[in-house]
Amino acid sequence: MGNEASYPAEICSHFDEDEIKRLGKRFKKLDLDSSGALSVEEFTSMPELRENPLVQWVIDGFDTDGDAQVDFREFILGTSQFSVRGDEQQKLRFAFSIYHLDKDGYISNGELFQVLKMMVGGGLKDWQLQQLVDKTIILLDKDGDVKISFQEFSAVVRSLEVHKHLVTVV
């Protein structure tokens, strides 16, 4: 994992020295095999993530190099998105990334359906969920391309101030 103090300022800018140390301790505790990286199984050892249907997408958001593991640098960058001092744009990009699964820069009808299906489980019938998705796309899609861009997503989330609630205290 390395010395937390040795990481560049841009990685640690949302945390003070004590917070970095606490995150380092948390990382080591989660790193059950002491490999220096967290696997999906290690991530889901956290009770707050164990039952979260979106945990894989959250991990994918943290895993910037695509190696299916989260090293300490990625852990710090990922958790910084939830810092009280975190950047609004960064939080919005992270939230957007949960929904746009194919990383083409847009949330399609199918992607929104897939994510919401995971979130609601069997709470809605597929046709009811599809109606909700269709209405959401119609409401958010301002340019008529039948998909939601980051700009369209951001405008709605900003108006609801959801990004202000995407915080955690370390």
Side-chain angles (χ1 to χ4, degrees), residues 1 4 7-16 19-20 22-24 26-27 30-31 37-121 132-133 136-137 139-143 145 147-170:
M1 182 177 80
E4 295 88 10
Y7 284 91
E10 72 271 7
I11 295 173
C12 306
S13 64
H14 300 244
F15 300 114
D16 63 30
E19 290 169 329
I20 295 288
R22 282 196 298 275
L23 284 167
R26 180 71 183 255
F27 183 89
L30 290 170
D31 187 13
L38 303 178
S39 65
V40 172
E41 294 77 23
E42 289 168 321
F43 245 102
T44 55
S45 71
M46 296 171 64
E48 56 271 18
L49 291 179
R50 189 171 297 129
E51 299 300 321
N52 187 327
L54 300 177
V55 70
Q56 183 61 56
W57 287 319
V58 171
I59 294 168
D60 290 347
F62 278 38
D63 179 22
T64 57
D65 64 6
D67 67 353
Q69 299 184 92
V70 176
D71 61 31
F72 187 66
R73 179 183 183 282
E74 292 168 324
F75 184 74
I76 292 294
L77 287 170
T79 54
S80 75
Q81 297 172 87
F82 302 104
S83 166
V84 174
R85 294 182 297 271
D87 176 71
E88 174 185 299
Q89 188 79 355
Q90 187 180 23
K91 289 177 185 184
L92 289 168
R93 286 232 173 258
F94 183 78
F96 184 76
S97 75
I98 298 294
Y99 293 91
H100 86 103
L101 308 176
D102 65 7
K103 309 297 182 213
D104 69 350
Y106 297 93
I107 300 170
S108 69
N109 189 297
E111 289 169 321
L112 186 57
F113 181 90
Q114 189 176 351
V115 173
L116 292 180
K117 178 77 172 171
M118 280 189 144
M119 294 170 113
V120 300
L132 177 65
V133 167
T136 302
I137 296 283
L139 287 171
L140 273 63
D141 179 28
K142 300 301 180 195
D143 61 8
D145 62 358
K147 52 190 173 185
I148 303 167
S149 69
F150 176 70
Q151 291 74 22
E152 292 163 335
F153 176 85
S154 296
V156 170
V157 174
R158 277 191 183 102
S159 72
L160 299 172
E161 297 190 334
V162 172
H163 62 284
K164 291 183 179 178
H165 303 287
L166 292 175
V167 298
T168 189
V169 178
V170 180

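The first residue in the sequence is number 1, and the count goes up from there. Below, each value reflects all heavy atoms present in this structure, side chains not excepted, and no hydrogens, waters or symmetry copies.
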Looking at every non-hydrogen atom in both residues, tell me the closest pair between I107 and I137 and how far apart they are.
O-CD1, 4.2 Å
Please report the closest heavy-atom contact between V70 and F27, naming both atoms and the distance.
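Looking at all heavy atoms of both residues, the closest pair is O-CE1, 3.6 Å.
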Within this structure, what is the [atom1]-[atom2] distance for the pair [X] and [Y], rounded to the nearest 0.5 Å?
| X | Y | atom1 | atom2 | result |
| --- | --- | --- | --- | --- |
| S149 | D104 | OG | CG | 11.0 Å |
| Q69 | D31 | CD | CG | 9.0 Å |
| K103 | D60 | NZ | CG | 6.5 Å |
| T136 | N109 | OG1 | CG | 9.5 Å |
| F150 | H100 | CZ | NE2 | 9.0 Å |
| I76 | F72 | CD1 | CZ | 3.5 Å |

Could you tell me if the side chain of [Y] sits less than 4.5 Å from the side chain of [X], heavy atoms only?
| X | Y | answer |
| --- | --- | --- |
| D71 | E74 | yes |
| F96 | E152 | no |
| F62 | L38 | no |
| S154 | R93 | no |
| Q151 | K142 | no |
| D141 | D143 | yes |

For the residue pair Y99 and F153, categorise the inter-ring angle as parallel (less than 30°), tilted (30 to 60°) or perpendicular (more than 60°).
tilted
State whether the number of non-hydrogen atoms from other residues, nucleotides or ligands found under 6.0 Å of Y106 atom OH is greater than 12.
no
